[in-house]
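For the numbers below, each heavy atom of this structure counts, side chains included, while hydrogens, waters and symmetry mates do not. So you know, we letter chains A, B, ... as the sequences are listed, proteins then strands, and number each from 1.
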There are 2 protein chains.
Amino acid sequence: MPKYYDELDAVLRALADPTRRAIVERLAKSPAVVSELAEPFSMALPSLMQHLRVLENAGLVTSQKHGRVRTVSLRPGSLDVLHLWLGEQRTPAERHADRLGIHPIRTTPKEI
Amino acid sequence: MPKYYDELDAVLRALADPTRRAIVERLAKSPAVVSELAEPFSMALPSLMQHLRVLENAGLVTSQKHGRVRTVSLRPGSLDVLHLWLGEQRTPAERHADRLGIHPIRTTPKEI
DNA sequence: GCCATACTTAGGTATGTGCCTAAGTATTAT
DNA sequence: ATAATACTTAGGCACATACCTAAGTATGGC
């Protein structure tokens, strides 16, 4: 069990939800205020706020309130932990391919 | 909504669970049979099998049965979709740092 | 001061998820 | 043939999660 276990767990749980992923995608472009974030979703505000709380608890997002407006932004580097974990889950075959600089072939095709 | 949306969703849902992540970590080393996979977990077999089904449905894992033994292996390249998505969620600051080859500084420190 | 705005808090519901036990089925060993 | 092994299927239970509505609480504009 690696040291970043809890952080990774929180991050993956947070990203497992499509709404939260959409929020992250939106914030990757630029910070936004809550009402701005809420607009594309047909969802009551409290529901969206809950998602923001999950993202914030996972460390993916920060926010600060100025007056009555809360601005939310993606926390740079917060996805590194996932990147790190991903790097460790390469199969021996993939590691071998890495060393040769080969793009590995998928066992079963699946268009992306 | 990108084309790999459904695949990504399935993969992230699957990886959101610690047991399933542990299975993936184990399989990254080498394929294994079900009873071998089950051993480290204090969990009834059917519960573990359910996790395997989730991983298989997400395309992260394949398995084949020879006689009464089922061998499970990690599907090479199945994590690419996550890698791809991750690459797109870089903040403008991070993109800038990429171009300069700089390792970005975390907004809030958090040891990994 | 008064009202609109921008969240926030406090509940409540419905579905999903992770786990279990009990009872199969198929395959291999004796 | 009998029995042990290696899953599999079926069903159930408890808690988590994603939503909702209704009713706050600040803050800013008039």
Trainee: Tell me the closest heavy-atom pair linking Val61(A) and Val72(A), and the distance in Å.
Mentor: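 Taking Val61(A) first and Val72(A) second, the nearest heavy atoms are CG1-CG1, 3.3 Å.
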Trainee: Can you give me the closest heavy-atom contact between Ala16(B) and Arg13(A), atom names plus distance?
Mentor: O-CG, 3.9 Å
Trainee: Heavy atoms of chain A, cut-off under 4.0 Å: which first and last nucleotide of DNA chain C, 5' to 3', fall inside that, if you could look?
Mentor: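 Extent of the interface on DNA chain C: dA4(C) to dT9(C).
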Trainee: Starting from P on dA10(D), measure out to CE on Met49(B) and report it in whole angstrom.
Mentor: 14 Å
Trainee: Got a sec, which residues hit salt bridge (Lys or Arg N to Asp or Glu O under 4.0 Å) with Arg21(B), two or more places apart in sequence or on another chain?
Mentor: Asp9(A)
Trainee: Short question: side chain of Glu7(B), backbone of Tyr4(B) - any donor-acceptor pair under 3.5 Å?
Mentor: no
Trainee: For Leu48(B) and Val34(B), work out which heavy atoms get closest and say how close.
Mentor: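 Here Leu48(B) and Val34(B) meet closest at CD2-O, 4.5 Å.
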Trainee: When you check every protein heavy atom under 4.0 Å of nucleotides 13-20 of chain D, what one-letter string (B, S, -) results, 5' to 3'?
Mentor: ----SBBB
Trainee: Given Glu36(A), which partner from the list Arg26(A), Arg70(A), Lys29(A) fulfils the salt bridge (Lys or Arg N to Asp or Glu O under 4.0 Å) test?
Mentor: Arg26(A)
Trainee: Please report the closest heavy-atom contact between Gly59(A) and Ser78(A), naming both atoms and the distance.
Mentor: O-CB, 3.2 Å
Trainee: Return whichever of Arg53(B) or Arg68(B) has its heavy-atom-nearest nucleotide of DNA chain D closer to the 5' end.
Mentor: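 The residue whose closest nucleotide sits nearer the 5' end is Arg68(B).
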Trainee: Taking everything shown except Glu39(B) itself, do over 12 heavy atoms lie less than 6.0 Å from its CD?
Mentor: no
